[in-house]
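What follows is a short report on a single structure.
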Amino acid sequence: QVQLVESGGGLVQAGGSLRLSCAASGSIFNIRIMGWYRQAPGKQRELVAVFAGAYRTNYADSVKGRFTISRDNAKNTVYLQMNSLKPDDTAVYYCYYLNGDYAAYWGQGAQVTVSS
């Protein structure tokens, strides 16, 4: 079993920055994908930024150049630095982990609200 604990959400004005953290614990091995999705009210959950394998990163077009995903392997933690935030970035942000056996885990979600 894997536990994902997120932190760092909050309320920020447009143009501001936030940093999300996701600490993973438990049976972590052969990470296939680890990163962030988000879900805005009335919308489907969508990919924001993930590590696919050891080093490859995928970003949603809407966040490229503004968000940066990073990781600390020693701490099994992944981060999402969000700069130049826009009201459209308002959503619940979920940490996601897919292991070597294709078992998927989600964090509890972190609310990010960007005011105009």
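The analysis underlying the following values was restricted to heavy atoms, covering all of them including side chains, and did not include hydrogens, waters or symmetry mates.
- Between Ser116 and Pro87, the closest heavy-atom pair is CB-CG, 3.8 Å.
- Between Val63 and Met82, the closest side-chain pair of non-hydrogen atoms is not below 4.5 Å.
- Val48 and Val12 fall within the same hydrophobic cluster, where Ile, Leu, Val, Met, Phe, Trp and Tyr residues are linked whenever their side-chain heavy atoms come under 4.5 Å apart, directly or through other members.
- One finds the CG atom of Leu47 at 15.0 Å from the OH atom of Tyr94 (value rounded to the nearest 0.5 Å).
- Minimum heavy-atom separation, Leu80 to Ala49: CD1-CB, 4.0 Å.
- Considering only heavy atoms from C-beta on, Val50 comes within 4.5 Å of Tyr37 through its side chain.
- Remark: Tyr96 OH to Tyr105 OH distance equals 11.0 Å, nearest 0.5 Å.
- Of all the heavy atoms in Ala52 and Asn58, the pair that sits closest is CB-ND2, 4.1 Å.
- Leu85 places none of its side-chain heavy atoms less than 4.5 Å from the side chain of Gln13.
- Contact detail for Thr113 and Gln111: the closest heavy-atom pair is OG1-NE2, 3.2 Å.
- Residues Trp106 and Cys95 form no side-chain contact, since every pair of their non-hydrogen atoms from C-beta on lies 4.5 Å or further apart.
- Under the 4.5 Å side-chain heavy-atom criterion for grouping Ile, Leu, Val, Met, Phe, Trp and Tyr, Val78 is connected to Val2 within one hydrophobic cluster.
- Between Tyr93 and Phe67, the ring planes are tilted. Angles from 30° to 60° get that label.
- From Ser7, atom OG reaches atom CZ of Arg19 across 9.0 Å, with rounding to the nearest 0.5 Å.
- Under a 3.5 Å cut-off, the side chain of Glu6 and the backbone N or O of Gly109 do form a donor-acceptor pair.
- For the pair Ile69 and Tyr59, the minimum side-chain heavy-atom distance is below 4.5 Å.
- The shortest side-chain heavy-atom distance between Ile31 and Phe51 does not fall under the 4.5 Å cut-off.
- Between Asn83 and Ser17, the closest heavy-atom pair is OD1-OG, 2.9 Å.
- In terms of heavy-atom proximity, Leu4 sits nearest to Gln108 at O-OE1, 3.4 Å.
- The closest side-chain heavy-atom distance from Val112 to Leu20 is below 4.5 Å.
- With rounding to the nearest 0.5 Å, the separation of NZ in Lys75 from OG in Ser25 is 14.5 Å.
- Between Asp89 and Lys86 no salt bridge is recorded (no basic side-chain N to carboxylate O distance below 4.0 Å).
- Judged by distance alone, the side chain of Thr90 and the main-chain N or O of Val114 form a donor-acceptor pair under 3.5 Å.
- To the nearest 0.5 Å, atom CD of residue Gln39 and atom CD of residue Glu46 are 9.5 Å apart.
- Here the side chain of Arg66 pairs a donor or acceptor atom with the backbone of Ser84 at under 3.5 angstrom.
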